[in-house]
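See below for the structure under consideration.
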Amino acid sequence: MIGIKLHTELVSLVETGIGEVILTLKRGEEEKQIIIAECGLSDVVYESAIDYYLDNEHWTQEHFDDYWENGGEDKEIDNYIDGIVDLYDDDSAWEELNW
């Protein structure tokens, strides 16, 4: 029997009025929701991105601010979401959501 490789897809991303960000992911016929931020997605991604660019790429705060304000925020959020979807494309990671 040949198994079918399932892929995880993003169904929706909802940010509530209190700042929670809820992703709905689908794999085959199964859907699951996860909360990826409790205080707003931009804040979560900002903290991660600033740490990376200042520490690893040795950018100045001014360089980062310019990047963030000129399209970097959207790019980093897209990359963050893509990374989460990719993470749960793995069978074992997907199964961990069954807790």
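Everything quoted here is computed from the prediction, not taken from an experiment.
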Is there side-chain contact between Tyr88 and Leu23, with at least one heavy-atom pair below 4.5 Å?
-> no
Exercise: identify the closest heavy-atom pair between Gln33 and Thr24 = NE2-OG1, 3.2 Å
Can you tell me how far the CH2 atom of Trp68 sits from the NZ atom of Lys75, to the nearest 0.5 Å?
-> 12.0 Å
Could you state the interatomic distance from CG (Asp65) to CG (Asn70), rounded to the nearest 0.5 Å?
-> 10.5 Å
Distance, nearest 0.5 Å, that separates CD1 of Ile34 from CG of Leu97 = 6.0 Å
Nearest-0.5 Å distance, CD of residue Gln61 to CG of residue Asp66 = 11.5 Å
Exceeds 12 heavy-atom contacts within 6.0 angstrom, atom CD of Glu15 | yes
Distance-only donor-acceptor hits, side chain of residues 39-55, under 3.5 Å, sequence neighbours excluded:
from  : atom 1 : to    : atom 2 : distance (Å)
Ser42 : OG     : Glu73 : OE2    : 2.6
Tyr52 : OH     : Glu57 : OE2    : 2.8
Tyr53 : OH     : Glu76 : OE2    : 2.8

State, to 0.1 Å, how close Thr8 and Asp89 come at their nearest heavy-atom pair, and which atoms those are.
-> N-OD1, 2.6 Å
List, by chain and then residue number, the residues other than Ile35 in its hydrophobic cluster (Ile/Leu/Val/Met/Phe/Trp/Tyr, side-chain heavy atoms under 4.5 Å); write none if there are no others.
-> Ile22
Spell out, yes or no, whether Val11 and Trp94 are grouped together once hydrophobic residues are joined by side-chain heavy atoms under 4.5 Å, including indirect joins.
-> no
For Ser92, side-chain contact (heavy atoms from CB on, under 4.5 Å) partners two or more places apart | Asp90
Single-linkage hydrophobic cluster, 4.5 Å side-chain cutoff, Ile77 and Val85 together = yes
Mind checking whether Leu10 and Ile84 have side chains closer than 4.5 Å, heavy atoms only?
-> no
Hey, can you tell me if Trp59 and His63 have their rings parallel, tilted or perpendicular (30° and 60° cut-offs)?
-> parallel
